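Data first, discussion second: the structure below is written as structure tokens.
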Amino acid sequence: MQNFVWTREKPLEIAILISGRGSNMEAILQKIQSGALERVKCALVLADRADAKGLEIARSSGIPAEFLDPGPKKTFLTPEAEKNWVERIRRSGAQLICLAGFMRVLKTDFMDAFAGRILNIHPSLLPKFPGLHVQKRALEAGEAEAGCTVHWVDRGVDSGPILGQRKVPIRPDDTEETLSARILKEEHILYSEVLSGISIGEIPIPAIR
Ligand code: GRF
């Protein structure tokens with residue numbers, strides 16, 4: 001693993017990885033712009049789809065935002081692609097990586113490069129409902145509440161150490177859409193809360209020893 005140094009005199013620089021609409025990314029960028037995340041700077045936004053809406057949003061905020069080829073596989077970056085992604089993120093100077101609706105599993109090259117400094121947001125109260133279609137699965141399971149989780153990314157799927165959660169009630173008339181929208185509002189608060197905690201040293205970064 002490459003040496004990772006971040007002294008708290010400098011703002012924490014992040015790279016945000018997206019696949020689609022990028023509303024979590026947008027919420028983070030807005031908090032940075034408003035000064036609410038004064039110790040955080042966004043160095044780069046990367047998307048695995050050229051048509052990811054979030055790319056335009058990031059560019060209109062003046063953030064370098066690029067599509068990077070993920071390779072021919074649908075659910076993960078190929079090893080060759082991972083090497084390019086690692087190289088691009090290193091070049092950006094980002095110390096922390098935020099997955100925000102990034103729909104691919106990260107494998108060996110990426111994890112070797114950035115283990116212990118990758119965050120993810122997931123729309124369930126982990127460890128309940130890892131994986132996909134989690135709002136629907138929470139409804140089908142008859143849960144009374146749902147929510148979202150920010151966690152460190154490890155080599156499993158949605159399985160790394162949990163840093164924060166926000167809960168919402170599940171209502172009798174909820175559909176997957178209404179529940180997803182209620183959770184998403186909380187996601188937009190939670191991600192910045194956790195980033196703030198990291199940027200002021202309240203939450204330690206595992207890759208710093
Ligand atoms: C969010 O619900 C996030 O938790 C999940 O994918 C969705 C991405 O939404 N991982 P957006 O692209 O941030 O709007």
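Just follow the structure's listing: the first ligand is 1, and inside any ligand the first atom is 1. None of these values were measured; they are calculated from a predicted model.
Considering both main-chain and side-chain atoms, I121 comes within under 3.5 Å of ligand 1 through a nitrogen or oxygen pair. Checking only distances, E187 does come within under 3.5 Å of ligand 1, N or O to N or O. Note: an N/O pair closer than 3.5 Å links R21 and ligand 1 by distance alone.
Relative orientation of the W85 and F102 rings is tilted, given thresholds of 30° and 60° on the angle between their planes.
Within the 4.5 Å cutoff, the side chain of P123 has no heavy atoms near those of the L184 side chain.
Considering each of A100, G22, P123, G101, the one bringing a non-hydrogen atom nearest atom 7 (C) of ligand 1 is G101.
Inspection of the T178 and D174 side chains reveals an N or O donor paired with an N or O acceptor under 3.5 Å.
Atom-to-atom distance recorded for K128:NZ and R137:CZ is 12.0 Å, nearest 0.5 angstrom.
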